[in-house]
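What you see below is based on every heavy atom in this structure, not just the backbone, and it leaves out hydrogens, waters and symmetry mates. Each chain gets a letter, A, B and so on, in the order its sequence line appears, and its residues count up from 1.
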2 protein chains.
Amino acid sequence: MGTQGRNSGQRRGSAHDRILDAASRRFYTEGIAATGIDAIITEAGVAKMSLYNNFASKSALVEAYVERRHAEWLALYATRRATAASPVERILAVFDAYIDHAEDAYDHGFRGCGLLNAAAELPAGDAGRHAVRTHKEEVEGILRGELLALTTPERADALATHLSFLLEGSMARAGLAGAPDLLHTSRALAAQLLTTA
Amino acid sequence: MGTQGRNSGQRRGSAHDRILDAASRRFYTEGIAATGIDAIITEAGVAKMSLYNNFASKSALVEAYVERRHAEWLALYATRRATAASPVERILAVFDAYIDHAEDAYDHGFRGCGLLNAAAELPAGDAGRHAVRTHKEEVEGILRGELLALTTPERADALATHLSFLLEGSMARAGLAGAPDLLHTSRALAAQLLTTA
DNA sequence: GCTTAAATATACCGTACGGTCTAATTAAGC
DNA sequence: GCTTAATTAGACCGTACGGTATATTTAAGC
C-alpha cells in the first residue's frame, strides 16, 4: 500500500485485483512454481508492467495470495459463526467454513487446502511457510476459544488440537480424492467427539 | 525394470541409486519444481546422461521418488509392527512408523510428509497424485485391518478414518512447525481414543 | 482542460530449465 | 582378452522463466 492514497478503493476490476484474481486461481489449481508470470497476466488481461507496478515480485504475489486465502476463510467462518446457536455449533462452524471454502473450489478443480499446498512448495525457512503456520495456529486458537465454553482449559487445549488434526487431515485426504466429501466425514467425527465428551 | 536382467542387483553406489538418493533428498527438502536436473546430478556426482539412461524424464524420477518414500514407510512400519505385542500397539505402530520416518528427516530439515508435499506440486489429474492418494488409502486400510481385531467392522471403518485424519493432520501441522513433536501428540490422542473406545 | 498517475504494448535481458547428441572412457561378463 | 554395456564430459538446443526499460496511451482529480 502507501502511495495509492485517494485512489484506495480503485475502480471495479482494477489491474491489482484482476492480477490477484488470476494468480489465485492459477496458484491454487496448477501450483505456484508451475504458474508463470506470463500465464497470470494473460489470464488477467493485463500488461506485464502492471503486475510489477502492483507487486514487487512473484513471491510478493504469493504472499498476497496466501493472505487472501486466509482472509477468505475468516470471512466464511464469520458468516457461519454468526448463525451458530450453541457452543457445539460454533465449533462446528469452523468445519463448515472449511467445507464452504472447499466447495468454492470444487467446480474448477478441488486440490485441498491452498495454504498447505503453497507451504509444500516453499523452502524450509520461507516467510510464506511461517504465515501458513500462523494461520493454522489461529484456526486452532479459534477452536480452543469456543471449546472453553464447554469444558476446562486443559481439555479445551487437547480437544482443539484433536479437532485441528481432524480438520487438516481430512482436508489433505479430500484434496487427494479431488472432492470435499471427506470434510463432511471429519465434521461428523468432530460432532460425535463433542457430544460424547 | 525389464532390460536390466542379470545386472539386477547392481554394484554398490550405482548411478541409478546415487541419482535417486540425491533427488530424494532435494525433492524433500527444497521441493520438486525447485529442484533442477543439474542440482540432482551435481549432488549425485553423476553425468547428466546417466540420469536419462536410468530415468525417462524428470517426472519419471518424481514417480520413483514417491514410490520409494512409500516403500520406506512400509519398511519402518513392518519393523514396528513386528515387535508390537497387542492389537492397540499394532495400531499405534502406524503412528510410530510416521514418527520414525519424520525423525529420519528431522536433522536435515523436516518439512512434513514428502508424499503430501509432492502431491501439492502436481496438477489435478497427475499420476503421481493418484499414487499418493492410493498410498494414503493403503495406510488407512492397514489401520482398518488392525482395528478389526478390536471392534466391529462398522466401528473399525469409522475409527480407521478418524485415525487417518489424526495422522495426516498432525503431519501437516508438524511440517509447518518444522519439528515432529506434534506426531507424538497425535499418537497420544490415538492411544486415548483406542482405550476409551 | 490541464495535470498527474495508472496502465498499456513491446522489445529486451540474463539465466536456468528439461532434454539431446556425440565421442570417449570405464568397467563388467563370458 | 574380447565384447558389450554403463558411464563419462561437455557442447548444444529451444524454450520459458522472472524481471526491466521505454515510450505511449488511457483515464481520473481538481
- Query: Looking across every strand, which nucleic acid part, if any, lies under 4.0 Å from B:Ser59 by heavy atom: base, sugar-phosphate, or nothing?
  - Reply: nothing

- Message: Checking the side chain of B:Ser164 only, and the main-chain atoms of B:Ala160 only, is there a donor and an acceptor separated by less than 3.5 Å?
- Response: no

- Message: Between the side chains of A:Glu168 and B:Arg173, is the shortest nitrogen-to-carboxylate-oxygen separation below 4.0 Å, so that they form an ion pair?
- Response: no

- Item | side-chain contact (heavy atoms from CB on, under 4.5 Å) partners of B:Ala84, counting only residues at least two apart | B:Glu89, B:Arg90

- Query: Rounded to whole angstrom units, what separation is found between the CD1 atom of B:Ile19 and the P atom of D:dA6?
  - Reply: 13 Å

- Considering only heavy side-chain atoms of A:Asp38, the closest of D:dC17, D:dG19, D:dT7 is D:dC17

- Query: What integer distance in Å separates A:Leu61:CG from D:dG19:C1'?
  - Reply: 13 Å

- Task: Check the distance between C:dA6's P and A:Asp17's CG and give it to me in whole angstrom.
- Result: 14 Å

- Which one, D:dG19, D:dT7, C:dG19, comes nearest to the side chain of B:Ser57? C:dG19

- Looking at D:dT8, C:dG18, D:dG18, which one has an atom nearest to any side-chain atom of B:Asn53? D:dT8

- Query: A:Leu51 has an atom CG; how far is it from atom C1' of C:dA7, in whole Å?
  - Reply: 12 Å

- Check: B:His184 ring centre within less than 6.0 Å of B:Phe95 ring centre: no

- Nucleotide C:dT20, atom P - distance to NZ of B:Lys58 in whole Å: 15 Å

- Selection from D:dG19, C:dG19, C:dT8 that lies nearest to any side-chain heavy atom of A:Arg18: C:dT8

- Roughly how many Å is it from OH in B:Tyr52 to C1' in D:dA6, rounded to a whole number? 18 Å

- Select one nucleotide: of C:dG19, D:dT7, D:dG18, the one nearest the side-chain heavy atoms of B:Ala15. D:dT7

- Carboxylate-amine/guanidinium contact A:Lys48 A:Asp38, below 4.0 Å: yes

- Task: Could you walk me through whether A:Ser50 and A:Arg18 pass the side chain to side chain contact (heavy atoms under 4.5 Å, CB included) test, one step at a time?
- Result: CA-CA 10 Å; A:Ser50 292; A:Arg18 292 210 310 277; over 6 Å; no

- Message: Using whole Å, what does the distance between atom P of nucleotide C:dA5 and atom CG of A:Asn54 come to?
- Response: 16 Å

N/O contacts under 3.5 Å, protein versus nucleotides 9-15 of chain C?
none

- Query: To the nearest Å, how far apart are A:Arg26 CZ and D:dA16 C1'?
  - Reply: 14 Å

- Item | Electrostatic pair A:Arg68-A:Glu72, nearest N-O below 4.0 angstrom | yes

